[in-house]
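Bear in mind the structure is a predicted one, so any value in this text is a computation, not a measurement.
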Amino acid sequence: MVVKNMHKPFALVLLDVAILCRVAVATIRPNIILIVADDLGYNDVSFHGSAQIPTPNIDSLAYGGIILNNYYVSPICTPTRGALMTGRHPIQTGLQSGVIAASQPYGLPLNETIMPQFFQKLGYRRHMVGKWHLGFHKKEFTPMYRGFETHYGYYLGCGDYYDHTSEANEDYFGFDFVRNTTVDFTGIGQYSTELFRQEANTIIQKHNTSEPLFLYLPFQAVHSGNLPSGKSLQAPTKYIKRFPHLKNTERKTYAAMVSALDDAVGSIVQTLKDKNMHSNSIIVFTTDNGGPANGFGGNAASNFPLRGVKTTLWEGGVRGVGLISSPLLQTKGYVSNQMIHVTDWLPTLYTAAGGKASDLHNLYGIDQWGVLQTNGKPVRTEILHNIDPMDKTEAIRVGDYKLLHGPITGYWDGWYPPYQLSEKSSYDKMQMSAYKHTNRSELGILQETCKPVTIQCGPKPVNASTNCQANKVPCLYHIPSDPCEYNNIASSHMDIVTKLLAKIVEYKCTMMVPPGNKPIDPAGNPRVNGGIWRPWLD
């Protein structure tokens, strides 16, 4: 009897193994950790040269990853968060005018597919920890019905860091904290930054590493607390004690809030390492808008030397703190000067996760993964900062030029050094004062080897505050040479003004939908809902 050899030749076995290995590698998608800081000022991280607030953990991600030096967000919260989740511009979603406040019965439209829903298609586990602020009048608008498997956090825009109440105004006041869809009182008395740090760490520790993780982590920090009757700035005493060199009480407390946020970021990165997930993780850190400086909204942030604050279309309102950090980056440790917009994160991360950005339709965002991987040629040449038909303001950046139009002057349109500093303060002297009170082991080698990325303004003309009257005629700035918006050059470059105005008209005609804003609904007042902010139209 002849026995046939039932085994494959050795070469074919090796080929099969190689194919299986390639398939296995292709299915190991990167973990994505998307961290949002609320109202963080451009000058409130030490990798941007903050002379008062060391942020060693955030700095470590920045210097070891890619610092985004030409990165833009919307001037206020809800529009940025909607843009981040959808990859679509706020003028496309009706979120271009202000924020969702109190019991206004609208939100990010339900016909918009958002980031966790896209990542679900790629097999991701999807968790959210922190602030939503994209609508909650009906349960369908809340995170658990929009692709997230868990949500630990709150719905509104601000609140008390310890008792987790939210005061929209003195007549609309209630508790705002949930676990998934259930009101959760267990965190009362505990600082929200620490609660969110603990929750994020728990999610990572319990994660099944055979599946990719998408963790969306929009912190409450460093937004002001309840106004007008609550404490606007809150931080644990242990953090306040880190800043004896700051004499202004508001700035000292704000610095402590940033420091607590920085510690939370460091803790989460360490947990990823302990779980052996860090080597296959992408971490993005972004702010949602510019900082509310020097008392704006009860806060003490700093965008200096940039002009303006949160809610404005000046650089201080829209130029964001941003970075991406990952061992998976082919090229890192550099400063990116490619133009990047907050809407770019969805297609960029979707591509990084192994998806095809071409499968995402009608986006304003552009896939930047290849650019970031190689420090490559820019793929974005313009950014519409906003068109707000309600307050009649508009701004756009095309190439090197930025145009602003509408009633934007006369309202927080100056340059605001952080409390205790003047425009002529010595950076080196104040930074050493800050570092003197910081544990050097926390700083590692950063202080010695990494140079902060700072803004160089050039000489300030005497008419810097008055040479732009945008409510009368558009103003034009050349941002690379004038990042602090000192010199309105519109009168000498009317051809560029005409071109940029035409671009705005094009956006209005081809992309913009009406704002979705609606008046406050008294039926959503916590007074008639058991003292709770909850969906009230179900």
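The backbone N or O of Gln96 lies less than 3.5 Å from a partner atom in the side chain of Asn386, making a donor-acceptor pair. Of the possible donor and acceptor atoms, one in the side chain of Trp132 sits under 3.5 Å from a partner among the backbone N and O of Phe141. Of the possible donor and acceptor atoms, one in the side chain of Arg319 sits under 3.5 Å from a partner among the backbone N and O of Asn69. Side-chain atoms of Lys310 never come within 3.5 Å of backbone atoms of Ile76 as a donor-acceptor pair (strictly under, hydrogens ignored). At least one donor-acceptor pair under 3.5 Å links the side chain of Gln52 to the backbone N or O of Tyr419. For the pair Thr78 (side chain) and Leu134 (backbone), a donor-acceptor distance under 3.5 Å is absent. Listed for the Asn226 side chain is a donor-acceptor partner under 3.5 Å among the backbone atoms of Glu167. Remark: the backbone N or O of Ser210 is paired with a side-chain donor or acceptor of Asn208 at under 3.5 angstrom. Between the side chain of His48 and the backbone N or O of Tyr42 there is at least one donor-acceptor pair closer than 3.5 Å. At least one donor-acceptor pair closer than 3.5 Å links the side chain of Asn299 to the backbone N or O of Val222.
Looking at Ile340 and Thr348, their side chains never come closer than 4.5 Å, going by heavy atoms from C-beta outward. Annotation: side chain of Ser50 is not in contact with side chain of Val45 (no heavy-atom distance under 4.5 Å). The shortest distance between side-chain heavy atoms of Val284 and Ile33 does not fall below 4.5 Å. The shortest side-chain heavy-atom distance between Met128 and Pro218 falls under the 4.5 Å cut-off. Annotation: side chain of Pro305 is not in contact with side chain of Gln456 (no heavy-atom distance under 4.5 Å). Between Trp345 and Ile324, some side-chain heavy-atom pair lies under the 4.5 Å cut-off. Between Lys131 and His223 there is a side-chain heavy-atom pair separated by less than 4.5 Å. At least one side-chain heavy atom of Val129 sits under 4.5 Å from a side-chain heavy atom of Ile203.
For the atom pair CG of Asn43 and CZ of Phe304, the computed distance is 8.0 Å after rounding to the nearest 0.5 Å. The CD atom of Gln234 sits 9.5 Å away from the OG atom of Ser224 when rounded to the nearest 0.5 Å. To the nearest 0.5 Å, the span separating NE2 on His127 from CG on Leu213 amounts to 6.0 Å. With rounding to the nearest 0.5 Å, the separation of CG in Leu40 from CG in Leu261 is 7.0 Å. With values rounded to the nearest 0.5 angstrom, Arg534 atom CZ is found 13.5 Å from Lys139 atom NZ. To the nearest 0.5 angstrom, Leu372 atom CG is 6.5 Å from Leu68 atom CG.
For an aromatic pair to be called close, the ring centres must be under 6.0 Å apart, and Tyr155 with Phe136 satisfies this.
Each of Tyr154, Phe185, Trp533 was evaluated against Phe175; a single residue qualifies, Phe185, per the ring-ring contact (aromatic ring centres under 6.0 Å, His included) test. Screening Tyr124, Phe119, Tyr350 against Phe214 for a ring-ring contact (aromatic ring centres under 6.0 Å, His included) leaves a single residue, Phe119.
Not counting sequence neighbours, the partners of Arg88 by the salt bridge (charged side-chain N to carboxylate O under 4.0 Å, His left out) test are Glu112. In terms of the side chain to side chain donor-acceptor pair (under 3.5 Å) criterion, residue partners of Ser267 (sequence neighbours excluded) are, by chain and number, Asn201. Scanning for salt bridge (charged side-chain N to carboxylate O under 4.0 Å, His left out) contacts around Glu250 gives an empty result, with sequence neighbours left out. Under the ring pair (Phe, Tyr, Trp, His ring centres under 6.0 Å) criterion, Phe285 pairs with no residue at all, not counting sequence neighbours. Residues passing the ring pair (Phe, Tyr, Trp, His ring centres under 6.0 Å) test with Phe47, sequence neighbours excluded: none. For the ring pair (Phe, Tyr, Trp, His ring centres under 6.0 Å) test, residues two or more places apart in sequence or in another chain that qualify with His89 are His341, Tyr364. Under the rule for a ring pair (Phe, Tyr, Trp, His ring centres under 6.0 Å), the partners of His164 that lie at least two apart in sequence or sit in another chain are Phe177. Taking the salt bridge (charged side-chain N to carboxylate O under 4.0 Å, His left out) definition, one finds that Arg397 meets it with nothing, sequence neighbours left out. When the salt bridge (charged side-chain N to carboxylate O under 4.0 Å, His left out) test is applied to Asp344, the partners found at least two apart in sequence or on another chain are Arg380.
Taking both residues in full, the closest heavy atoms of Pro417 and Asn294 are given as O-ND2, 2.9 Å, listed atom of the first, atom of the second, then distance. Taking each heavy atom of Ala301 and Arg251 in turn, the nearest pair found is C-NH1, 3.7 Å. Nearest heavy atom pair, residue Pro75 against residue Leu313, reads CG-CD2, 4.0 Å. Across every non-hydrogen atom of Leu217 and Ala200, the tightest pair is CD2-CB, 4.0 Å. In terms of heavy atoms, Leu156 sits closest to Ser166 at CD1-OG, 3.5 Å. Across every non-hydrogen atom of Thr86 and Leu363, the tightest pair is O-CD2, 3.4 Å.
Using a 3.5 Å distance cut-off with no hydrogens or angles, the side chains of Asp263 and Tyr239 do pair a donor with an acceptor. Side-chain contact check for Thr165 and Asp163: at least one donor-acceptor pair (N or O, by modelled atom type) lies under 3.5 Å. Judged by distance alone, the side chains of Glu315 and Tyr72 do bring a donor and an acceptor atom under 3.5 Å apart. No side-chain donor from either of Gln338 and Asn70 sits under 3.5 Å from a side-chain acceptor of the other. No hydrogens or angles considered: a donor-acceptor pair under 3.5 Å links the side chains of Thr55 and Ser46. Checked by atom type, the side-chain pair Asp39/Asn289 shows a donor-acceptor distance below 3.5 Å. Counted by atom type alone, Tyr254 and Asp44 present one or more donor-acceptor pairs between their side chains at under 3.5 Å. Side-chain atoms of Glu211 and Thr209 form no donor-acceptor pair, as typed in the model, at a separation below 3.5 Å.
Within 6.0 Å of the NZ atom in Lys332, the count of heavy atoms belonging to other residues, nucleotides or ligands exceeds 12.
Among residue pairs with one or both ends in residues 362-378, none qualify as salt bridge (charged side-chain N to carboxylate O under 4.0 Å, His left out); sequence neighbours excluded. Here side-chain hydrogen bond (donor to acceptor under 3.5 Å, both in side chains) pairs that include residues 188-197, with residues two or more places apart or in two chains, are Ser192-Gln220, Glu194-Lys238. Judged as a salt bridge (charged side-chain N to carboxylate O under 4.0 Å, His left out), the pairs with a partner in residues 66-85 (not counting sequence neighbours) are, in order, Asp38-Arg81, Arg81-Asp288.
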- Begin with the C-alpha distance, continue with both residues' side-chain angles, and end with the deciding distance and a verdict on side-chain contact (heavy atoms from CB on, under 4.5 Å) for Val321 and Tyr71. CA-CA 7 Å; Val321 177; Tyr71 172 59; over 6 Å; no
